[in-house]
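Structure first, then comments.
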Amino acid sequence: MKVKVSVPKGTRDFTPEVMLKRKYIFNILEKNFRLFGYVPIETPALENLSTLLGKYGEEGDKLLFKILNSGLDTKIENKEIKDISNKGLRYDLTVPFARYVVQHRNEITFPFKRYQIQSVWRADKPQKGRYREFYQCDIDVIGSNSLLNEVELILIISHVFSELGINVTVKLNNRKILAGIAQRINAPEKLTDITIAIDKIEKIGLEKVKNELLQRGLSKHQIDELEPVLTLEGSNLEKTAFLKTYLEGIAEGEKGLEELLFVMDTLRETFPAVYNLIEFDTSLARGLNYYTGAILEVKANDVAIGSICGGGRYDNLTGIFGMDNVSGVGISFGADRIYDVMEQLDLFNGVTDVPAKVLFINFGNEYLTYIYEYSETLRENGISSIIYPDKVKLKKQFDYANKNKIPFVIIIGENEVNNSTVALKNMQTGEQQELTLLQAIETIKNN
RNA sequence: GUGGGCUUAGUUCAGUUUGGUUAGAACGCCAGAUUGUGGCUCUGGAGGUCACCGGUUCAAGUCCGGUAGUCCACCCCA
């Protein structure tokens, strides 16, 4: 009987072909994280609901996957959520990390630089570039207020995406600037409404944003005062020059601008090429409400997809768990979206791995001792090798090499045994040579 | 959470407009031509309860309703 099988909505299987490409991305990320001295940790897929709830805003709470308590009756009627569920799947890696830091505070030497590459889950409605289970690759520095951490994160972004071959723009802003703007128009309590509305300026245009602001309770006068910010254009320096005047006398706003300028100036003076990726964008808001300072988002220049990396500074995330005065800053690379971007731009061309470099043809057990010995020698030389397990017709064995993109086939039969050689066939060119094992190894290595 | 499109062989899709005998193609798969040499070619073969459940009808892949999945937009977000 035939059974219909499938994976749950919004989740995916990864085939070997896809996994080899994903590994390529993860390897580049991890290599760069290590080069900057970040160390790995992992946390459980499950967290206590009390750890997760209330950290991501109202919207985030709704998107949390909650796990039923074990030992429940099979029928649940009229139960409050707190009665039936006290655990949930992690929604991101930052909040579990804050929990980790608080819990392990006595073992950690600050500033603590960690990276974490694990999947997260959101009960979102899936669509393009949006999955219910996806990987985040986070790096955070916790226990340091220095803005040099922000500088370093942007430097890492630049390294990673240049190595991957993706042209990006790093959009930069600061929550304190946004707060200052809200204060400037006498609507500090409307900060969230303002940021949600101005975030859409590029998408829906000035007039519609003004309408939305009216609906969200701002006065005509306040909106007029806000308008120069909404229409702000020009170079980073022109924008910051405007805000310097606009935010004059508003302490929080001035502080935010000062932080932003420090990050930008440092990069301009030391890494001009990296600075050129940066765009100061007053409309960048970011939804997660634990951010307090710098916020940033990375967009791919050549593909229309949501942000592929984002993050910022959070001054008091550990405070929620009872550990005050520990500031953190971090970013999260969205591996699945990076994959989609690279696939669309055809950037995997020639970079992906093959299952093995060499396939040994099986002519029967009488040649097995040679095959085993030779394949071990290849492996000692770092050359991955497969022995075809069945003695079947050559066509099938060659087909296997083709389909798995294995570049070389080694044939050992009666002739080769008599001559103490191997027949090495290059599957791309079709060229076949009778060589000693050492010569064969050299040929494979040089290819 | 709101709105829309789609679902037919392993895959990509025709067929649905106008209901009518036995649902097609390409690619892929298997076997042979070719028992120590793959990609090309030729020959043959397997593979479908037309997503599921129900309704209308003498008759449903085709019309109607529901469910699920999937894709897209909005909301929000990686």
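What's counted below: heavy atoms across the whole structure, side chains too, no hydrogens, waters or symmetry copies. Here is how names work: the chains are called A, B, and so on, in the same order as the sequence lines, proteins then strands, and each is numbered from 1.
- Side-chain atoms of A/R313 and A/T292 form no donor-acceptor pair, as typed in the model, at a separation below 3.5 Å.
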May I have the step-by-step check of ring pair (Phe, Tyr, Trp, His ring centres under 6.0 Å) for A/Y374 and A/F360, ending in yes or no?
CA-CA 9 Å; A/Y374 291 175; A/F360 281 85; 7.3 Å; no
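- For A/I308 and B/C77, the CD1 to P distance is 18 Å, given to the nearest whole Å.
- In this structure, of B/C71, B/G38, B/G36, it is B/G38 that holds the atom nearest to the side chain of A/M427.
- For the pair A/M427 and A/I406, the tightest heavy-atom approach, listed with the atom from each and the gap, is CG-O, 3.7 Å.
- Both A/G10 and A/G129 lie close to RNA chain B; mapped to their nearest nucleotides by heavy-atom distance, the more 5′-ward contact belongs to A/G10.
- Pairing partner, B/U18: none, since no Watson-Crick or wobble contact has both distances short of 3.5 Å.
- Remark: B/C50 base-pairs with no nucleotide; criterion is Watson-Crick or G-U wobble with both hydrogen-bond distances under 3.5 Å.
- As judged by a 4.0 angstrom heavy-atom cut-off over every strand, A/E416 is placed among the base-contacting residues.
- Under the 3.5 Å distance criterion, the side-chain polar atoms of A/N174 are matched with a main-chain donor or acceptor of A/K176.
- The distance between atom CD1 of A/I411 and atom C1' of B/U37, rounded to the nearest whole Å, is 6 Å.
- Rounded to whole Å, the separation between the P atoms of B/C58 and B/G66 comes to 24 Å.
- Taking the ring axis of A/F65 as reference, the NZ or CZ atom of A/R122 does not stay both within 45° of it and closer than 6.0 Å to the ring centre.
- Taking atom C1' in both B/A46 and B/A9, one finds a spacing of 11 Å when rounded to whole Å.
- When heavy atoms are screened at a 4.0 angstrom cut-off, A/F333 is found touching no nucleic acid atom at all.
- Across the C1' atoms, B/A33 and B/C27 are found 22 Å apart, a figure rounded to whole Å.
- When both distances must be under 3.5 Å, the Watson-Crick or G-U wobble mate of B/U37 does not exist.
- A/K395 places its NZ atom 9 Å from the P atom of B/C30, with the value rounded to the nearest Å.
- Atoms CG (A/D124) and P (B/U2) sit 14 Å apart, rounded to a whole Å.
- When the nucleotides B/C75, B/G38, B/U37 are ranked by their closest atom to the side chain of A/R130, B/C75 comes out on top.
- Within 6.0 Å of NZ in A/K66 there are more than 12 heavy atoms belonging to other residues, nucleotides or ligands.
- The OH-C1' distance, from A/Y131 to B/C71, rounds to 12 Å in whole Å.
- With the nearest nucleotide of RNA chain B identified for both A/A423 and A/P8, A/A423 has the one nearer the 5' end.
- Note on A/K425: every side-chain N or O is 4.0 Å or more away from OP1 and OP2 of B/U37.
- If you check B/G44 for Watson-Crick or wobble pairing at under 3.5 angstrom, you find it paired to B/C30.
- Going from atom CD of A/E414 over to atom P of B/U37 covers 15 Å, rounded to whole Å.
- Using a 4.0 Å heavy-atom criterion, one finds that A/N402 contacts the bases of the nucleic acid, with or without backbone contacts as well.
- Contact annotation for A/Q428: base contact, defined as any heavy-atom pair under 4.0 Å involving a base atom.
- Atom CD of A/Q439 is surrounded by more than 12 heavy atoms from other residues, nucleotides or ligands within 6.0 Å.
- The base of B/C77 does not come close enough to the side chain of A/R122 for any donor and acceptor atom to sit less than 3.5 Å apart.
- Judged by distance alone with a 3.5 Å cut-off, no donor-acceptor contact links the side chain of A/Q397 to the base of B/U37.
- For the C1' atom pair drawn from B/U21 and B/A26, the interatomic distance equals 27 Å after rounding to whole Å.
- Spacing between B/G24 and B/G61 at atom C1', rounded to whole Å, works out to 13 Å.
- Searching all strands for a Watson-Crick or G-U wobble partner of B/G69 with both distances below 3.5 Å returns B/C6.
- With respect to A/E47, the salt bridge (Lys or Arg N to Asp or Glu O under 4.0 Å) criterion is satisfied by exactly one of A/R99, A/K87, A/K55: A/R99.
- Nucleotides B/U57 and B/C76 are separated by 48 Å at their P atoms, to the nearest Å.
- Of the candidates B/C75, B/G36, B/G38, B/G36 carries the atom nearest the A/Q432 side chain, counting heavy atoms from C-beta on.
- Between B/C13 and B/U56, the two P atoms lie 34 Å apart (nearest whole Å).
- Dashed line: the shortest gap from a side-chain N or O of A/K125 to OP1 or OP2 of B/U70 is not under 4.0 Å.
- Under 4.0 angstrom from either OP1 or OP2 of B/C29 there lies at least one side-chain N or O belonging to A/K403.
- Checked by distance alone, A/R337 brings a side-chain donor or acceptor within 3.5 Å of a matching partner on the base of B/C77.
- For the OP1/OP2 pair of B/A73 and a distance below 4.0 Å, the side-chain nitrogens and oxygens of A/Q127 include at least one atom meeting the criterion.
- Here the separation of B/U34 from B/A51, taken at their C1' atoms, is 43 Å to the nearest Å.
- Residue-level contact check: A/N415 touches the bases, meaning some heavy atom is under 4.0 Å from a base atom.
- For the pair A/L296 CG and B/A78 C1', the computed distance is 13 Å after rounding to whole Å.
- One can place NZ of A/K396 at 8 Å from C1' of B/C30, the figure rounded to the nearest angstrom.
- Within 6.0 Å of the CD atom in A/E442, the count of heavy atoms belonging to other residues, nucleotides or ligands exceeds 12.
- Residue A/G60 is out of contact with every strand shown, counting any heavy-atom pair closer than 4.0 Å.
- Residue A/G311 is out of contact with every strand shown, counting any heavy-atom pair closer than 4.0 Å.
- Among the protein residues, A/G310 comes within range of no part of the nucleic acid, since none of its heavy atoms lies under 4.0 Å from any strand.
- With its ring centre under 5.5 Å from that of the base six-membered ring and a plane angle below 30°, A/F134 counts as stacked on B/A78.
- Pair assignment for B/C74: B/G1, on the basis of Watson-Crick or G-U wobble contacts that are both within less than 3.5 Å.
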